[in-house]
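For reference, the structure discussed in these notes is given below.
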Amino acid sequence: MLTPPSSRRRLGRPVSSRAADGVVKRIISLSGVLAIVILAAIGIFLGLNAVRALHDVGFWTMATGTEWYPTIAEPRFGFVPLLAGSAAVTLTALLLSVPVSIAAALFISEFANRRVKDVAKSIIEFMAAVPSVVYGLVGIAIVVPWVKETFELDSGLSALSGAIVLAFMIAPTIVSISEDALHAVPDELRQGSLALGNTRWQTSYKVVLPSASSGILAAVMLGMGRAIGETMAVLMLTGNAARIPGSLFDSVRTITGTIAAEMGSVVQGGLHQSVLFALGLVLFSITFAINLVADLVLEKQRKRWRR
Amino acid sequence: MVTGPANNGAKGSFDLKEVSVTYGSETAVAGVSMHIPPCAVTALIGPSGCGKSTLLRCLNRMNDELGNATVGGTILLDGVDIYGKELDPVELRTKVGQVFQKPNPFPMSIYDNVAYGPRTQGIRRRAELDEVVERSLKRSALWGEVKKDLKKHAFELSGGQQQRLCIARALATQPEVVLMDEPASSLDPISTQQIEDTIAELKEHVTIVIVTHNMQQAARISDQTAFMLRESMEAPAELIEVGETRVMFTNPRDKRTEAYITGRFG
Amino acid sequence: MNRRIRQARIAQTVAVAVTGTAAALVVAAALFLLVYITVRGLPAISWEFLTDVPRQQMKAGGIFPVIMGTLALTLATAALSLPVGVAAGIYLSEYAPRSRFTRVIRLSISNMAGVPSIVYGLFGLALFVILMGIGKSILAGALTLACLTLPVIITATEEALRQIPTDLRQASLALGATRWRTIYKVVLPAAAPGIVTGSILGLSRAAGETAPILFTAAVYYKRQLPDSVFADVMALPYHIFILATQVTGRPDDIIWGTAFVLVGGVTAISVAAAAWRSAQRRKVRW
């Protein structure tokens, strides 16, 4: 969710100020800070619960371990298969979704008339509001059988099935943020290019796209963050075998899928639970970094046109 | 390229016959007929909202890009109907350039801004582009200030420099006509002076049609002036009077023109 | 027409066709989703389905406790997140100075919006369920969902407040009102449609979340309705997940019926909220 650029600034000091005004201001300011508090608390509480895993297993062992057998007598807590699973699903989903989504955003922003634009945007908004478990369900009903038959596999539950559904799920994010970025390019630039004898398409790819490129990059990154963090649909579609995948047709288990599937059956306060928190901390750190960079890019772009 | 019989070699003359512009059901401009001579400056003056810019945008068909505008009547550029089948609007705009009210350089280097048009036309050879860029920047009187630093981002220039860059950008496609829509309205007096000097030099080679509501500016720089007026909110804008600038400012034929240029309304 | 322009024209046509196809593909996927869920889910809907408890290992009967569970969770989430979220929105729009600190707050809010829902689930488990000892319950689930919904509500509030012209605030201040009175009496009512609609959109998304309630609120099967906020509940999204993956011989009509109730409910509320907002906007024009 983005806040639009606004030239409107705060008011000056109020004409009269009473004690109540000050109290209210203090309460309201407190809730303003809440976002920072929650974000910090997430990191802290995941960290606290991961302490035992870091102590007993060690970060390096987890981060480089290639085996994930959490419930055998001598458990192995290697994150590599899970990281590989998340990477395979996420990157494939991006590969499928990014070109189509950016092209769609370009059409909606540059070529569609107003009515088409409004209708397309609200339909895409609906797509973003569909719960991920429902995407998983539709994936089981349609995508999994299709993948199984088309590629003649024993089971359609695979990285590919997860990635296909994920591609649709992240499309609304990429389309709408890219469209915002394209829309933010001032019309004067388009007219300047058209007046030099360029077609709308030449104007789009020579002036508008480059001008919006950082915003589009941020859109892709936010889509990527969403894909890495997506849980239910992936859990329902990828088959959840914790092995480093050899191909997209293999069953994979992602970071999110592992946490969701195993946290329900662990011993409270046990090592396995702590390892899952450590895994959660890894996931949080990855998405935190991606979102932060994307937000900084968007912020910079917003400033650019505020001349 | 068909050349009209009326101009003696010099290109870039317009002939407007009963030109009207309609937005949806509302007529914005009606019944404009005039001749715009080649290699001269024609100023369109009148109070704000009187259709000057709308008329200007008819000359390079930029009204086509702004939604539901329809243009009636005929506009001939050197005898060719610019709304006819034989001329594509994209092609027209390479012959009729435009400089906008607010400087609108593209977010790229100075060099790339000026080379943008020629590159669109398929010019790729570095030497040729260098030459076009230098010539255009010289003609827009910006060369001296930027020649050492053509790789600099256009946004780093001052407002006045940006506007002269936009003029250079328009000149680089070697247009026969340059349309200017209040090109100095967002600039300081010194930059305005520089733009006016540039215009005076440019008219040696190209036709200039300039919209301005600064009458002193029109008197200083133009050879021909056209006065437009919208008599009421409902009525479309009309062309009241067109003629040689010197004559019009000293001895206007129409009472309304006289009222406007002596500052009684507007 | 010369060759360059003809080529440019062709490129333009091709580009419009290609990008148009891409846009059509995305829109078609969304429409397909809507139609498919309706076609498969609508036949399962009956009075009995909506009002009965699940029977025969959830392969028959209805989903009444499931609906009520999601309703309870969502209402509790609203009660927790709305006051705080709206207050934070007011802070950002009306009080926050233009400082580095405000910038950090803004970055935190947009970052929060991108935190994976499963991470919120872990956070809720660690803080509310284990540390605070609330246990798996409506309250713990709603607190978790409230964290997740907060950035949406804050952003919606701030955006709605920014739409209100500065003149209006100054008019009130010039009459001698304090800043808070100005906000409370003039600015907030004017911005209410935007705040309410944005919040409903956020809450309806929370209603569809599974991962955050997996460890904090949702149970597999429970016939009786919750009697307090400390009770655990069944919930629509979790029910779909369980039926689709854990129940042998997947009872298709019940799964799709449940999915239809969830998507239909979420969509209907969102559409109603958006329609209400645009009706309000038409009434008041700045």
Side-chain angles (χ1 to χ4, degrees), chain A residues 1 3 6 8 11 14-18 21 24-25 28-29 31-32 34-36 38-39 42 45-46 49 100 103-104 106-108 111 120 123-124 126-127 129-131 133-134 137 140 168 171 175 199-202 222 225 229 231-232 236 256 259-260 263 277 280 283-284 287 291-292 295, chain C residues 8 11-12 15-16 18-20 22-23 25-27 29-30 33 84 87-88 90-92 95-96 105 107-119 122-123 126-127 147 152 155 158 162 166 169 173 176 178-180 205 208 210-211 214-215 237 240-241 244-245 259 262-263 266 270:
Chain A
M1 215 66 29
T3 31
S6 167
R8 209 173 282 141
L11 299 167
V15 174
S16 81
S17 174
R18 277 179 283 159
D21 217 32
V24 169
K25 184 181 171 180
I28 284 179
S29 308
S31 39
L34 198 64
I36 301 179
I38 293 179
L39 213 51
I42 292 174
F45 281 101
L46 296 189
N49 282 277
V100 177
L106 198 61
F107 179 80
I108 293 170
F111 301 129
I123 290 176
I124 289 170
F126 159 79
M127 201 170 167
V130 173
V133 70
V134 174
L137 183 61
I140 288 178
F168 283 104
V175 173
T199 60
R200 283 205 157 256
W201 165 240
Q202 288 171 324
L222 289 174
T231 308
M232 300 315 291
M236 291 163 82
T256 53
I259 299 172
M263 189 55 101
F277 272 106
L283 174 64
F284 177 61
T287 53
N291 291 329
L292 185 64
D295 287 336
Chain C
Q12 157 88 15
V16 171
V18 169
T19 57
L25 185 70
V26 177
V27 169
L33 207 57
V84 183
I90 293 175
Y91 173 75
L92 283 178
Y95 288 102
I105 292 180
L107 281 174
S108 302
I109 291 167
S110 43
N111 203 301
M112 260 182 95
V115 171
S117 55
I118 187 82
V119 170
L122 285 178
F123 172 62
L127 178 60
C147 293
V152 183
T155 315
E158 194 195 350
R162 284 203 185 287
T166 320
R169 295 184 179 85
L173 291 172
T178 61
R179 185 182 297 193
W180 170 242
R205 212 158 289 183
T210 317
L214 224 43
F215 328 126
I240 295 171
F241 171 64
T245 57
L262 179 60
V263 174
V266 164
S270 305

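Reminder, nothing fancy here: chain letters follow the sequence lines and each chain counts from 1. Note that the structure is predicted; figures quoted are calculated from it, not measured.
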Exceeds 12 heavy-atom contacts within 6.0 angstrom, atom CZ of A:Phe168: no

Pick from A:Gly225, A:Gly32, A:Ala171 with the largest number of heavy-atom pairs that fall under 4.5 Å of chain C: A:Gly32

Less than 4.5 Å to any heavy atom of chain C: does that hold for the side chain of A:Leu137, its backbone, both, or neither? both

Considering non-hydrogen atoms only, spot the tightest contact between C:Val119 and A:Phe284 and give its length. CG1-CD1, 3.9 Å

Heaviest contributor of heavy-atom pairs below 4.5 Å to chain C, chosen from A:Ala120, A:Ala260, A:Gly229, is A:Ala260

Interface moiety of C:Leu25 toward chain A, non-hydrogen atoms closer than 4.5 Å: side chain

Is C:Phe215 in contact with chain A via its backbone, its side chain, both, or neither, using a 4.5 Å heavy-atom distance? side chain

Max heavy-atom pairs within cutoff under 4.5 Å with chain C, candidates A:Thr256, A:Leu46, A:Ile259, A:Leu292, goes to A:Ile259

Heavy-atom cut-off 4.5 Å, strictly under: side chain, backbone, both or neither for A:Ile36 against chain C? both

Would a distance-only check, ignoring hydrogens and angles, find a side-chain to backbone donor-acceptor pair under 3.5 Å from A:Gln202 to A:Thr199? yes

Using non-hydrogen atoms only, which part of C:Leu107 is less than 4.5 Å away from chain A: side chain, backbone, both, or neither? both

If every non-hydrogen atom of C:Ala23 is compared with every non-hydrogen atom of A:Ala104, which pair is closest and at what distance? CA-CB, 3.5 Å

Look at C:Ala244, C:Ala8, C:Ser270, C:Ser117 and state which one has the largest set of heavy-atom pairs under 4.5 Å with chain A. C:Ala8

At a 4.5 Å cut-off on heavy atoms, which part of A:Val130 comes close to chain C: side chain, backbone, both, or neither? side chain

Below 4.5 Å from any heavy atom of chain C, which atoms of A:Thr231 appear? Answer side chain, backbone, both or neither. side chain

Could you pull out the closest heavy-atom pair between C:Ala15 and A:Trp201, with the gap in Å? CB-CD2, 3.2 Å

Using non-hydrogen atoms and a 4.5 Å limit, figure out which bit of C:Val266 sits close to chain A: side chain, backbone, both or neither. side chain

Ignoring hydrogens, what is the shortest heavy-atom contact between C:Leu122 and A:Gly280? Give both atom names and the distance. CD1-CA, 3.5 Å

Greatest number of non-hydrogen atom pairs under 4.5 angstrom with chain A, of C:Asn111, C:Thr245, C:Leu262, falls to C:Asn111

Show, in sequence, the C-alpha distance, side-chain angles and deciding distance for C:Leu214 and A:Met263, and conclude whether the side chain to side chain contact (heavy atoms under 4.5 Å, CB included) test is met. CA-CA 9 Å; C:Leu214 224 43; A:Met263 189 55 101; over 6 Å; no

Taking all non-hydrogen atoms of both residues, which atom of C:Cys147 and which atom of C:Phe123 are closest, and how far apart? SG-CE2, 4.0 Å

Hey, does the side chain of A:Asn49 reach the backbone of A:Phe277 with a donor-acceptor pair shorter than 3.5 angstrom? no

Ranked by heavy-atom pairs below 4.5 Å to chain A, first place among C:Ile105, C:Val18, C:Val84 goes to C:Ile105

To the nearest 0.5 Å, how far apart are CG in A:Leu34 and OG in A:Ser29? 12.5 Å

If you count heavy-atom pairs under 4.5 Å between each of C:Ile90, C:Val16, C:Val263 and chain A, which one has the most? C:Val16

